[in-house]
Amino acid sequence: MIERIIIAGSGGQGVMLLGKVMAQAAMVEGKQVTWFPAYGPEVRGGTSHCMVTISDQEIGSPYITEADTLIILNQPSLEKFKGKLKRKGTLILNSSLAKIDPYTKMQVFSFPFTDIAMQIGNIKVANMAALGCFASAKKIIKVKNILKVFKSIAPAGNLEILRVNQQALEEGQKLNHG
Amino acid sequence: MAKTKILLSGNEAIAQGAIQAGCSFYAGYPITPQNEIIAYMAKHMSVPSGIKGQAPRVFIQAESELAAINMVYGAAAAGARAMTSSSSPGISLKQEGISYIAGAQLPAVIVNIMRGGPGLGNIAPAQSDYFQATRGGGHGDYHVIVLAPASAQEAYDLTQIAFDLADKYRIPVMILGDGILGQMMEPVKLSAGKIKVNSVKNWALGGCQGRKPNIVKSFFLREGDLEEFNLRLQKNYQVIKQKEQRCESLFLSDAKVILVAYGTMARIAKSAMSQLRSEGKKIGLIRPISLWPFPQKSFQIKNSKVKYLVLELSYGQMLQDVQLAVNGRQQVEFLGRSGGGILSQEQIINKVKKLL
């Protein structure tokens, strides 16, 4: 098994954190994993991205030329990365901030992650709603392991942060069940 | 420290490895793609080391690369386990200091997380400082030991080995990585146990009360002295060449084509090899871990029909060391990209298929 995921959005949407949480959850499960960020200069309103590779075997290049899954949180990122998705690959799209034309060559999970996050009460957790959606769509990492990672990295004593992230993750996970 | 896995970037793994090795002095100046080393050292060097009797650890963000390497020179002369880090253009600036450290026979660790060159270049991963690293880099007849990790785990492990080798041979040791290795995060298993440093440095300038003063210098004006000193250096290098070759070799016994690559390039080469072997093609891999001394002993294959394919993120630098090691016994081919271009698995596979 090898799963190559590109995660992209605008600066501030938490795409780096999304990738790191995903990578740590994969590590908790004993899988091989690499996380590789865009580390160059980026512009406000532009795109930021990271690449996560999860496998049960040794991973070669952490740089992804053809992705199995794209997690896209805004329109400029969709334009920049849609060409990197393999045929019949999975697109997880934040429909609050990005729209895609009718499609045939990919499997699309399009949900308003930003709106969901605002309903929960914190716009910043849109990334975790997208991660929940990924977890249920691809069944590569378990939600309970993502929750373990939340607990290990959340600032001690700040239960509210933990709560909103957990709620976003669970809401994201439920989306695929209609 | 508990024997657990944590997610670290290659840069952070190098920094944590240095701390685990008892690094007590770090000076650096920021440059992408190695800034996480400085950031990590700034955060962690301020915490007491826990080594009995050791003075507080020192972290300095120097005013320039030149200042940083010369601070390391001074700290190493005083007996500290000292380190600096930078990326290609910054390492060029440090070369004068590295030559002086080699000339004063001092142990120090220098990290180069390579980016594209020449000149200011760009911040993309590259391996184009191979010549500079393996041929000394600065002026004079000297070498530094060069170690090239290919994963965050190996970055952590080799940094600790680098400090031991530096002390053992009184020589600067360079960790040579690239932007991908530095930036990529991977699970790293941390060493158990407390920091231990066993080196005895009776040559160090640690105060001479009750003994003859030590002298640390790289200046030999009297006729014959410098030649004699150079011969001593050469003798040291011969011992290192014999004892410190490091390498990973895979499937050499049946290989028709042997890929040769180091660092990040070797990871991509390994994927290409696995793909080709799953198609029944007889492919092997040599991954030099020490670039100086170059692992010549791993190239003693007798079958004259074997072909080597050297893969680099540069234009034929390690190629020359492979040619010297093979010494005309077999065919040596080359494939490389640089300036930020990364050889893909497919490009390697296509080239190999033409050689089979």
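Naming: A, B, ... by sequence-line order, numbering from 1 per chain.
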### Message
Looking at A/Lys144, I'd like to know if its NZ atom is crowded, meaning that more than 12 non-hydrogen atoms belonging to other residues, nucleotides or ligands lie closer than 6.0 Å.
### Response
no
#### Entry: Leading residue by heavy atom contact count with chain A [cutoff under 4.5 Å; candidates B/Ile180, B/Thr32, B/Ile268]
B/Ile180
### Query
Pick from A/Ser61, A/Cys50, A/Ser152: which one has the most heavy-atom pairs with chain B under 4.5 Å?
A/Ser61
#### Entry: Closest non-hydrogen atom pair, B/Pro33 against A/Tyr39
CB-CE1, 3.4 Å
### Task
Grab the two heavy atoms, one from A/Gly60 and one from B/Ser271, that are nearest each other, plus how far apart they are.
CA-OG, 3.1 Å
## Note on the structure
Per-residue tally against chain A (heavy atom, under 4.5 Å) across B/Gly179, B/Ser9, B/Ala266, B/Ser344 peaks at B/Gly179
### Message
Tell me whether B/Lys256 at atom NZ has more than 12 heavy atoms from other residues, nucleotides or ligands lying less than 6.0 Å away.
### Response
no
### Query
Taking atom CE of B/Met185 and atom CD of A/Gln24, what is their separation to the nearest 0.5 Å?
7.0 Å
### B/Lys281 atom NZ, over 12 foreign heavy atoms within 6.0 Å
yes
#### Entry: Contacting region of A/Glu58 [heavy-atom separation from chain B under 4.5 Å]
side chain
## Note on the structure
Distance col, row B/Leu8:CG vs A/Trp35:CH2, nearest 0.5 angstrom, shows 12.0 Å
### Task
Using a 4.5 Å cut-off on heavy atoms from C-beta on, say whether the side chain of B/Arg267 contacts that of A/Thr34.
yes
### Query
Would you say B/Gln61 has more than 12 foreign heavy atoms packed within less than 6.0 Å of its CD?
yes
### Summary
Rounding to 0.5 Å, atoms CD (B/Glu186) and CD (A/Gln32) come to a distance of 8.0 Å
### Task
Answer yes or no: does atom CZ of A/Phe109 have more than 12 heavy-atom neighbours from other residues, nucleotides or ligands under 6.0 Å?
yes
#### Entry: For B/Ile123 against A/Gly40, the heavy-atom pair lying closest together
CD1-CA, 3.3 Å
